[in-house]
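Right, one structure below, let's go through it.
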Protein chains: 2
Amino acid sequence: MDKLEKTLESRTVRPTAMRLLVLKFLLQKKVAVSLTNIEEYFDNSERTTLYRTLKTFEENGIVHQIDDGTGTIKYAVCEENCNCELEQDLHLHFYCNNCDETVCLTEYKIPHINLPEGYLAENVNLVIKGLCEKCSGH
Amino acid sequence: MDKLEKTLESRTVRPTAMRLLVLKFLLQKKVAVSLTNIEEYFDNSERTTLYRTLKTFEENGIVHQIDDGTGTIKYAVCEENCNCELEQDLHLHFYCNNCDETVCLTEYKIPHINLPEGYLAENVNLVIKGLCEKCSGH
DNA sequence: TTTATAGATGCAATGGAAGTGCATTTAGTG
DNA sequence: CACTAAATGCACTTCCATTGCATCTATAAA
């Protein structure tokens, strides 16, 4: 629990009870979660508080948003050396059509893409959809 | 106008007045448009009709959806040899942070991505955000 | 210890977009 | 002309993101 507190404090985020619980939850999940996921997990919790908790986390580099194309935003804890603030590097995301889970494939980087003359890239988002290892049957 | 009708009929879509107008609009736009965009263009048109028109177009390979990460679905007319039904054509999409427009870069294919053992790709979506040629200033 | 105050939380409400059910109209077919 | 299937219009519902404001709480200053 102490480690969680330190994580928050090192990012100048006050370690309230709720924030610690949310962070713990996010860390133990290996997949990206939506606001609704968290809301369901903490049974009678305030959606707004969770929403703002995630927002605070995001603003302070604790989590990053993932748009996996399902329409709802997912969140995942930033890696040690996650440079998502740089709007670059950006590993890719995999969404499973079967189990409806989204994972960060942090080891898998997005290859460099050539753009037409005049286009300036600031951010890249690559989502692959298909079957994850659990659901593909091999 | 005759050409538009033929496009629809070759796809077994009945060429109603509204559908022809929507198709014409989509064709003249060089960027991907949202349902709301179309609704605004055809001032007092029925959102539902437009919604179902786009759905029909999509089901018949006339347009394809684009998820550019803004949260709202965009639509673009399929190219001559667009094989978006195959879930594998895989050109990339560019979203301009400045002018808020999304374009299909049909010439630019998504490179092959290696996935971890057990993962099965069915669909790939790559969106690059940044500044388009109009907004980058060069 | 009390007080001031900034920050965190809870509640209510808004707004945008997708999607559906059903009644009505329209357009092809016999 | 009449029948039928498709297309359209209207009224909802649902889901999620987001905000305003009131209230509570914890930390720092007096």
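Chain letters run A, B, ... following the sequence lines, proteins first, then strands; residues in each count from 1.
- Between Glu39(A) and Arg47(A) there is a salt bridge, since at least one side-chain N of the basic residue sits less than 4.0 Å from a carboxylate O of the acidic one.
- Of the candidates dA17(D), dG10(C), dT20(C), the closest approach to any side-chain atom of Leu35(A) belongs to dA17(D).
- For Tyr75(A) and dC16(D), the OH to P distance is 12 Å, given to the nearest whole Å.
- Between Tyr51(A) and dT18(D), a side-chain N or O to OP1/OP2 separation shorter than 4.0 Å is present.
- Here dT18(D) presents its C1' atom at 13 Å from CD of Glu59(A), a figure rounded to the nearest Å.
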Before you tell me yes or no, could you show the steps for Tyr75(B) and Ser34(B) under side chain to side chain contact (heavy atoms under 4.5 Å, CB included), namely the whole-Å CA-CA distance, both residues' side-chain angles and the distance that decides it to 0.1 Å?
CA-CA 6 Å; Tyr75(B) 300 85; Ser34(B) 69; 5.9 Å; no
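- Contact annotation for Thr36(B): backbone-only contact, meaning every heavy-atom pair under 4.0 Å involves sugar-phosphate atoms and none involves a base.
- OP1 or OP2 of dG9(D) lies within a sub-4.0 Å distance of a side-chain N or O belonging to Thr49(B).
- No more than 12 heavy-atom neighbours from other residues, nucleotides or ligands sit within 6.0 angstrom of CD on Glu117(A).
- Listed nucleotides: dT8(D), dG21(C), dT19(D). Nearest to the side chain of Thr16(B): dT8(D).
- In this structure, Arg19(A) places its CZ atom 10 Å from C1' of dT9(C), rounding to the nearest Å.
- Between the CD atom of Glu46(B) and the P atom of dC22(C) there is a distance of 18 Å, rounded to whole Å.
- Summarising the geometry, the separation between CD on Glu58(A) and P on dT18(D) is reported as 10 Å, rounded to the nearest angstrom.
- Taking atom CD of residue Glu39(B) and atom P of nucleotide dA18(C), one finds them 10 Å apart after rounding to whole Å.
- Look at CZ on Arg47(A): it is 19 Å from C1' on dA8(C), rounded to the nearest Å.
- There is no side-chain donor-acceptor pair under 3.5 Å between Tyr95(A) and Asn123(B).
- The CD-P distance, from Glu5(A) to dA26(D), rounds to 13 Å in whole Å.
- Positionally, the nearest nucleotide of DNA chain C for Arg52(B) lies more toward the 5' end than for the other of Arg52(B) and Pro15(B).
- Among the atoms of the strands shown, only primed sugar atoms or phosphate atoms (P, OP1, OP2) are found under 4.0 Å from some heavy atom of Arg14(B).
- In the set dG20(D), dC16(D), dG19(C), dG20(D) carries the atom at the smallest distance from any side-chain atom of Thr48(A).
- Between Lys134(A) and Glu101(A) a salt bridge is recorded (basic side-chain N to carboxylate O distance below 4.0 Å).
- Closest approach to the Lys55(B) side chain among dA18(C), dG10(C), dT20(C) is made by dT20(C) (side chain taken as heavy atoms from C-beta onward).
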